[in-house]
Amino acid sequence: MREQVVIGLAQSPVVKGDVTENLKTHMAMIAQASELGCDIVAFPELSLSGYELELLNTLAVEPEAENFKGLSQAAMANNIIVIAGCPLSSKSSEKPAIGAVICFEDGEIEFYSKQFLHAGEENYCSTGTRDYVFNCKHHRIALAVCADFSAPEHSKNAAKAGADVYLVSALISQAGFEPDSKLFAQIAKTHHFPVLLSNHISVTGGWSSAGNNAVWDKTGQMLACTNTKTPSLLRCSILERDIRAIKADIKL
């Protein structure tokens with residue numbers, strides 16, 4: 001029998017290329033998400049580095065557990081699954097991947113690499129080749145990184161894999177939020193699972209991000225949105241694809 005799973009959508013500032021400072025912000029957000037009862041906290045695309053394409057090759061790290069000790073220890077100490085964005089070195093290409101590290105509360109660490117790129121990203125980045133779905137409290141959660149959601153086959157594959165939730169870490173600009181919201185709504189309606197968005201609030205990579213972490217229910221209706229670019233957490237409680245969400249202010 002499934003238990004309720006609580007997912008925190010992190011909305012936090014990022015400093016260009018400063019992984020050490022950004023990690024401190026992650027630690028503060030992880031602790032507060034745990035205090036709010038979250039089982040999972042998800043950060044935006046490239047949250048540890050910022051969306052700085054020209055720096056990715058310099059900042060990329062090997063997808064090995066040893067390189068993510070701090071995040072892993074925070075996940076274990078706070079009994080929470082942490083999903084953070086970072087550039088990952090690729091074994092199949094000289095270019096790094098736009099990746100995500102997933103640190104579990106039991107010390108396990110897994111990785112995902114973005115499969116679908118925005119125009120221009122191919123000049124700096126390689127692509128991943130595998131979908132990523134993980135389990136939490138008997139819920140199957142599919143992870144998408146930004147442009148992944150714009151490729152219909154990505155969410156279709158998530159549905160085929162039995163996903164109950166489609167979780168998106170992204171950088172969406174103010175101008176892009178409205179059209180992307182329509183796409184999120186369509187994905188949710190088509191596959192009958194909620195869609196959750198964790199987005200940037202800072203100017204990063206030259207983009208003025210929208211913030212507005214949001215949730216669309218399985219019918220495609222926007223259930224909740226932070227409607228802000230201030231540090232906060234959208235706390236989403238999910239049981240059998242039914243969802244409730246509430247915004248919590250965060251002190252960093």
Side-chain angles (χ1 to χ4, degrees), residues 1-10 30 33-34 36-45 63 71-72 75-76 78-85 98-116 128-170 183-199 213-224 233-245:
M1 186 173 179
R2 290 181 181 173
E3 301 176 66
Q4 177 177 269
V5 61
V6 182
I7 302 175
L9 303 175
I30 289 166
S34 177
L36 290 167
C38 294
D39 302 297
I40 302 166
V41 59
F43 292 87
E45 177 182 28
L71 273 183
S72 181
M76 290 187 287
N78 289 281
N79 194 35
I80 192 171
I81 299 171
V82 177
I83 302 172
I98 294 176
V101 55
I102 302 91
C103 298
F104 290 88
E105 70 274 35
D106 62 0
E108 289 294 314
I109 300 178
E110 296 179 351
F111 301 94
Y112 171 72
S113 294
K114 182 177 178 179
Q115 298 179 74
F116 298 91
T129 58
R130 296 183 179 180
D131 299 318
Y132 183 75
V133 181
F134 68 96
N135 297 319
C136 183
K137 292 187 173 179
H138 304 289
H139 288 78
R140 288 181 60 75
I141 299 165
L143 180 61
V145 175
C146 209
D148 283 339
F149 71 79
S150 66
E153 57 264 45
H154 191 272
S155 55
K156 184 177 180 180
N157 287 343
K160 285 182 178 179
D164 301 295
V165 178
Y166 193 66
L167 176 58
V168 183
S169 295
L183 184 51
F184 289 134
Q186 186 59 50
I187 291 170
K189 186 176 181 180
T190 298
H191 300 299
H192 306 290
F193 49 39
V195 175
L196 281 58
L197 169 67
S198 176
N199 191 27
N213 282 3
V215 177
W216 291 260
D217 68 16
K218 62 185 178 181
T219 71
Q221 295 297 310
M222 183 186 281
L223 182 67
L233 187 90
L234 192 59
R235 184 184 183 277
C236 309
S237 304
I238 303 171
L239 181 62
E240 299 293 345
R241 301 196 185 188
D242 290 322
I243 186 166
R244 293 175 296 153

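With values rounded to the nearest 0.5 angstrom, S169 atom OG is found 10.0 Å from F43 atom CZ. Separating the NZ atom in K114 from the CG atom in L143 is a distance of 11.5 Å, to the nearest 0.5 Å. Here the straight-line distance linking atom OG1 of T190 with atom NZ of K218 works out to 15.0 Å at 0.5 Å rounding. To the nearest 0.5 Å, the span separating CZ on R235 from CZ on R244 amounts to 8.0 Å. Note: M222 CE to D217 CG = 11.0 Å, rounded to the nearest 0.5 Å. To the nearest 0.5 Å, the span separating CD on Q186 from NE2 on H191 amounts to 8.5 Å.
In plain terms, the two heavy atoms of S198 and A42 that are nearest each other are OG-O, 3.0 Å. Closest approach of I187 and V195 over heavy atoms only: CG2-CG2, 3.9 Å. Across all their heavy atoms, A100 and I83 have their closest contact at CB-CG2, 4.5 Å. Considering all non-hydrogen atoms of both residues, A170 and N199 come closest at O-OD1, 3.3 Å. Summarising the geometry of P152 relative to S150, their closest heavy-atom pair is CD-O, 3.4 Å, with the distance given to 0.1 Å. Contact between V168 and C146 at its shortest, heavy atoms only, is CG1-N, 4.2 Å.
In this structure, F193 has its ring center at least 6.0 angstrom away from the ring center of H139.
For the side-chain hydrogen bond (donor to acceptor under 3.5 Å, both in side chains) with Q115, the lone residue among T129, D131, N157 that qualifies is D131. The side chain to side chain contact (heavy atoms under 4.5 Å, CB included) test with L196 singles out one residue from I238, L223, I141, I40, and that residue is I238.
By the 4.5 Å heavy-atom criterion applied to side chains, I30 and L71 are counted as neighbours. Annotation: side chain of V41 is in contact with side chain of L233 (closest heavy-atom distance under 4.5 Å). Inter-residue side-chain proximity for V215 and L9 is flagged as met; some heavy-atom pair is nearer than 4.5 Å.
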TODO: Evaluate the side-chain contact (heavy atoms from CB on, under 4.5 Å) criterion for residues I81 and F134: first the C-alpha distance (whole Å), next the side-chain angles of each, then the deciding distance (0.1 Å), finally the verdict.
DONE: CA-CA 11 Å; I81 299 171; F134 68 96; 4.1 Å; yes

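Residues passing the side chain to side chain donor-acceptor pair (under 3.5 Å) test with D39, sequence neighbours excluded: K137. Remark: N135 pairs with R140 by the side chain to side chain donor-acceptor pair (under 3.5 Å) rule, at least two apart or across chains.
Aromatic ring pairs are classed by plane angle as parallel below 30°, tilted from 30° to 60° and perpendicular above 60°; the pair W216 and F184 is tilted.
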Show the atom names and distances, to 0.1 Å, of all donor-acceptor pairs under 3.5 Å that link a side chain in residues 101-110 to residues at least two apart or in another chain.
| from | atom 1 | to | atom 2 | distance (Å) |
| --- | --- | --- | --- | --- |
| D106 | OD1 | E108 | N | 3.0 |
| E110 | OE1 | Y132 | OH | 2.4 |

